[in-house]
K.L.:
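What follows is a structure written as structure tokens; I'll ask about it next.
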Protein chains: 4
Amino acid sequence: MLKNNQKTKYKQIIDAAVITIAENGYHQCQVSKIARQAGVADGTIYLYFKNKEDILISLFREKMQHFIQRLSEIIAGKNTATEKLLLLVENHFRILSENHALAIVTQLELRQTNKELRLKINDILKGYLKLIDDILIEGIENGEFDAKLDIRLARQMIFGTIDETATSWVMTDHKFDLVSLAPKIHQLLIHGCGNN
Amino acid sequence: MLKNNQKTKYKQIIDAAVITIAENGYHQCQVSKIARQAGVADGTIYLYFKNKEDILISLFREKMQHFIQRLSEIIAGKNTATEKLLLLVENHFRILSENHALAIVTQLELRQTNKELRLKINDILKGYLKLIDDILIEGIENGEFDAKLDIRLARQMIFGTIDETATSWVMTDHKFDLVSLAPKIHQLLIHGCGNN
Amino acid sequence: MLKNNQKTKYKQIIDAAVITIAENGYHQCQVSKIARQAGVADGTIYLYFKNKEDILISLFREKMQHFIQRLSEIIAGKNTATEKLLLLVENHFRILSENHALAIVTQLELRQTNKELRLKINDILKGYLKLIDDILIEGIENGEFDAKLDIRLARQMIFGTIDETATSWVMTDHKFDLVSLAPKIHQLLIHGCGNN
Amino acid sequence: MLKNNQKTKYKQIIDAAVITIAENGYHQCQVSKIARQAGVADGTIYLYFKNKEDILISLFREKMQHFIQRLSEIIAGKNTATEKLLLLVENHFRILSENHALAIVTQLELRQTNKELRLKINDILKGYLKLIDDILIEGIENGEFDAKLDIRLARQMIFGTIDETATSWVMTDHKFDLVSLAPKIHQLLIHGCGNN
DNA sequence: TATGAATGAGTGTTCATTCAT
DNA sequence: TATGAATGAACACTCATTCAT
């Protein structure tokens with residue numbers, strides 16, 4: 001019960017942080033603003049998080065867990081790596097489209113941080129990159145993908161392309177429909193620019 | 001003579017900023033540190049730049065101009081879009097490899113800024129993206145690239161892949177040789193992951 | 001209890017400001033000096049005042065309130081405007097004499113401010129000028145004062161004379177006894193220089 | 001010729017200072033602004049004035065000299081102290097009315113200075129106060145004024161009243177006609193508020 | 001657990017003055 | 001005389017974090 005209550009307030013603060021950062025930008029998001037949004041006192045924040053940076057890390061970890069969980073479930077049971085890749089791109093975009101505040105925070109605001117924090121974020125990101133790697137390995141093994149594929153580089157292409165497209169979408173204030181770009185992006189990732 | 005001297009001090013401050021930001025990180029880089037590194041007084045900075053942000057913008061504009069200039073010259077006169085793309089990737093990586101401090105600043109530190117500044121940076125970046133677009137258009141016109149290519153998405157894939165790889169290289173403290181990855185990246189961009 | 005405590009710290013800072021400004025002069029009175037004198041941290045100042053200028057405005061408002069309050073009580077119940085005017089001059093001088101630091105601040109330091117702040121100060125001053133006007137009106141109505149008196153000009157004479165005398169006293173480092181000048185000043189204000 | 005030229009540039013800078021201070025306010029009036037207004041280089045200022053404060057002192061001395069000179073000439077030859085006092089008030093107001101910029105500078109901006117500078121200004125002011133004293137002495141000697149008049153206090157009343165009225169006029173952006181107030185002010189100074 | 005008043009370290013920018021030319 | 005590029009000291013204010021209650 002107590003633990004449940006803690007969990008509630010912990011998530012409450014994280015959700016308040018997402019909203020506050022999205023609305024004010026990372027550098028205009030003071031701890032006191034998060035506290036006010038969460039409906040708790042400033043000091044209470046420090047009962048659940050070590051410091052401000054810890055809020056960010058926890059926020060990213062928490063959200064990325066759901067992200068990975070959801071994508072994993074969607075991908076699971078599909079037969080081809082090609083199809084899995086399409087679903088990954090499409091649903092990555094879908095999740096961001098469903099939560100603009102979160103999209104702003106992950107694509108823009110969370111990057112306005114120092115290298116140390118970026119390394120921690122990269123660490124959390126590994127779980128997501130593992131999803132891509134698994135698809136790539138499966139594709140190579142069953143002959144869908146090029147046997148000589150450099151997994152790391154292919155993963156960087158896939159993640160870099162998705163990320164660049166998503167950031168571009170956020171920078172233009174979500175002006176266009178992100179999800180509908182998935183098939184074309186997928187086509188590019190599988191076949192490249194070349195006239196094959 | 002005077003103009004020359006001014007030009008010199010302007011560049012002197014910009015180069016000092018690159019070094020100081022790379023060494024200290026964006027948020028630990030005080031104007032006074034840049035001044036000391038440049039060998040001028042704090043106040044002198046403000047004879048050449050409107051404010052601290054203006055140093056960053058100017059730095060990025062100045063360096064990106066050379067970047068684009070150099071890549072343009074290398075690409076000019078090549079016959080195929082495919083070859084041009086390879087040279088673009090390779091020399092993009094080469095320029096970063098030649099100047100680790102600049103790589104740190106552009107890949108990491110310059111991004112720790114608010115949206116407003118990011119938009120200004122994006123504006124400057126457009127000159128570079130135009131280079132990519134021109135290659136894509138040429139490739140489509142002479143049949144090297146897929147006629148149905150979405151230029152914007154293809155450009156985002158190319159830039160996203162290069163950028164993600166470069167950032168990854170900087171985040172690992174330039175542990176591997178970036179330039180030698182160019183051919184494989186190029187292969188991925190042209191043919192994708194698929195087993196064509 | 002809380003309100004009481006707040007009130008205490010608010011006044012504590014104002015009193016520290018009076019002393020610090022009187023000792024150092026307005027332009028040499030840094031916020032940190034006021035904080036040190038008040039025995040609080042610099043940041044605490046900003047829990048009670050919007051900014052440095054707000055300290056000054058508040059200081060003047062707070063002191064002027066007591067000033068007016070005290071003069072009003074002394075004047076109340078006296079029968080003639082002439083007597084009231086004497087008491088006003090005498091007690092104006094008395095209050096300044098009792099608090100040299102405050103006298104320095106109001107006669108000299110508070111005037112070293114820009115027009116905008118001066119207008120705010122003038123606004124607060126209106127309460128005091130009203131006291132003078134009321135005396136003048138009463139004097140006219142009961143025949144003590146000239147029926148054709150221009151209230152505004154008479155008020156400016158009275159206030160100008162008191163103020164000039166007080167400033168002169170402060171500029172000479174309170175060398176002479178201010179209060180004992182009241183009867184002569186009063187005589188001048190009532191009868192003028194002329195040989196009536 | 002050279003001396004003439006010097007004189008010219010000296011006055012040129014002083015006049016530029018009056019305009020610049022009146023337009024920008026004392027604290028927004030940088031030496032570089034005065035230099036630009038005067039059409040000289042910043043450094044040139046320091047060939048004619050010791051420092052910024054010296055510009056102010058010199059400005060006040062220069063203008064006050066003309067002020068006193070002009071008032072002296074107007075007063076000279078008049079037969080009664082009463083008439084002289086009227087002419088003094090009237091022409092004091094007239095000179096200020098003729099030069100709004102100068103009025104702003106002397107009534108408002110020049111007072112935003114520290115005690116040290118104020119003492120120097122007071123010193124220059126003595127020449128003007130002497131004019132008043134002479135009128136008072138003459139008035140006492142020829143029986144126009146009260147034989148028991150305290151010269152210092154009477155002078156403070158006269159100057160304080162003129163000054164307060166002039167400042168009030170400047171603070172209201174010269175909304176009313178200052179010169180036409182002279183007779184009433186004069187009446188007040190001679191006869192006071194009383195119903196004589 | 002929860003509060004919120006108090007803390008105090010940290011920095012971009014201005015501008016009077018100088019001095020080499 | 002005249003210039004104007006260069007100097008560098010000086011300061012109000014913010015905000016993450018603490019701790020007495």
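Chain identifiers are assigned alphabetically (A, B, ...) following the order of the sequence lines, protein sequences preceding nucleic acid strands; residue numbering begins at 1 within each chain. All values derive from a computational prediction rather than experimental measurement.
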K.L.:
Calculate the interatomic distance between A:Ile45 atom CD1 and F:dC19 atom C1'; express it in whole Å.
P.N.:
17 Å
K.L.:
Treat a base pair as Watson-Crick or G-U wobble with both distances under 3.5 Å, then lay out DNA chain E in dot-bracket form, 5' to 3', with | for cross-strand pairs.
P.N.:
.||||||||||||||||||||
K.L.:
What protein N or O atoms touch nucleotides 16-18 of chain E N or O atoms at under 3.5 angstrom, if any, and at what distances?
P.N.:
{"unit_1": "E:dA16", "atom_1": "OP1", "unit_2": "D:Lys52", "atom_2": "NZ", "d": "3.0"}
{"unit_1": "E:dA16", "atom_1": "OP2", "unit_2": "D:Val31", "atom_2": "N", "d": "2.8"}
{"unit_1": "E:dT17", "atom_1": "OP2", "unit_2": "D:Tyr46", "atom_2": "OH", "d": "2.9"}
{"unit_1": "E:dT17", "atom_1": "OP2", "unit_2": "D:Lys52", "atom_2": "N", "d": "2.9"}

K.L.:
For B:Gln12 and F:dA6, give me the distance from atom CD to atom C1', rounded to whole Å.
P.N.:
12 Å
K.L.:
Check this one for me: any side-chain N or O of B:Lys33 less than 4.0 Å away from OP1 or OP2 of E:dT11?
P.N.:
no
K.L.:
Quick one: D:Gln28 CD to E:dT13 C1', roughly how many Å, whole number?
P.N.:
13 Å
K.L.:
Under the salt bridge (charged side-chain N to carboxylate O under 4.0 Å, His left out) rule, what pairs show up with a residue in residues 21-46 of chain C, not counting sequence neighbours?
P.N.:
none
K.L.:
Roughly how far apart, to the nearest Å, are F:dT21 and E:dT1 at atom P?
P.N.:
22 Å
K.L.:
Using atom OH of B:Tyr26 as one end and atom P of E:dT11 as the other, report the distance to the nearest whole Å.
P.N.:
13 Å
K.L.:
Run the side-chain hydrogen bond (donor to acceptor under 3.5 Å, both in side chains) test against C:His27 and tell me which residues pass, sequence neighbours left out.
P.N.:
C:Gln112, D:His27
K.L.:
For A:Arg111, check side-chain hydrogen bond (donor to acceptor under 3.5 Å, both in side chains) against everything at least two apart and list the hits.
P.N.:
A:Asp163
K.L.:
What is the distance, rounded to the nearest whole Å, between atom NZ of A:Lys9 and atom P of E:dT1?
P.N.:
9 Å
K.L.:
Going by the rule side-chain contact (heavy atoms from CB on, under 4.5 Å), which residues pair with C:Ala101 if we only count those two or more places apart in sequence or in a different chain?
P.N.:
C:Val18, C:Ala22, C:Asn99
K.L.:
Starting at OH of C:Tyr10 and ending at C1' of E:dA5, how long is that distance when rounded to a whole Å?
P.N.:
18 Å
K.L.:
Who are the side-chain hydrogen bond (donor to acceptor under 3.5 Å, both in side chains) partners of A:Lys126, not counting sequence neighbours?
P.N.:
A:Asp123
K.L.:
Does A:Thr44 make a side-chain N or O approach to OP1 or OP2 of E:dT3 shorter than 4.0 Å?
P.N.:
yes
K.L.:
Between B:Leu56 and B:Ile21, is there a side-chain heavy-atom distance shorter than 4.5 Å?
P.N.:
yes
K.L.:
Could you pull out all residues at least two apart from A:Lys52 that satisfy salt bridge (Lys or Arg N to Asp or Glu O under 4.0 Å)?
P.N.:
none
K.L.:
Would A:Thr44 and A:Lys9 count as a side-chain contact (heavy atoms from CB on, under 4.5 Å) here? Give the steps.
P.N.:
CA-CA 10 Å; A:Thr44 306; A:Lys9 195 153 284 190; 4.2 Å; yes
K.L.:
Atom OH of C:Tyr48 to atom P of F:dC13: distance rounded to whole Å?
P.N.:
18 Å
K.L.:
Could you state the CD1-P distance from A:Ile55 to F:dC15, rounded to the nearest angstrom?
P.N.:
15 Å
K.L.:
Taking only residues two or more places apart in sequence, or in another chain, which ones meet B:Asp54 in a side-chain hydrogen bond (donor to acceptor under 3.5 Å, both in side chains)?
P.N.:
B:Ser58
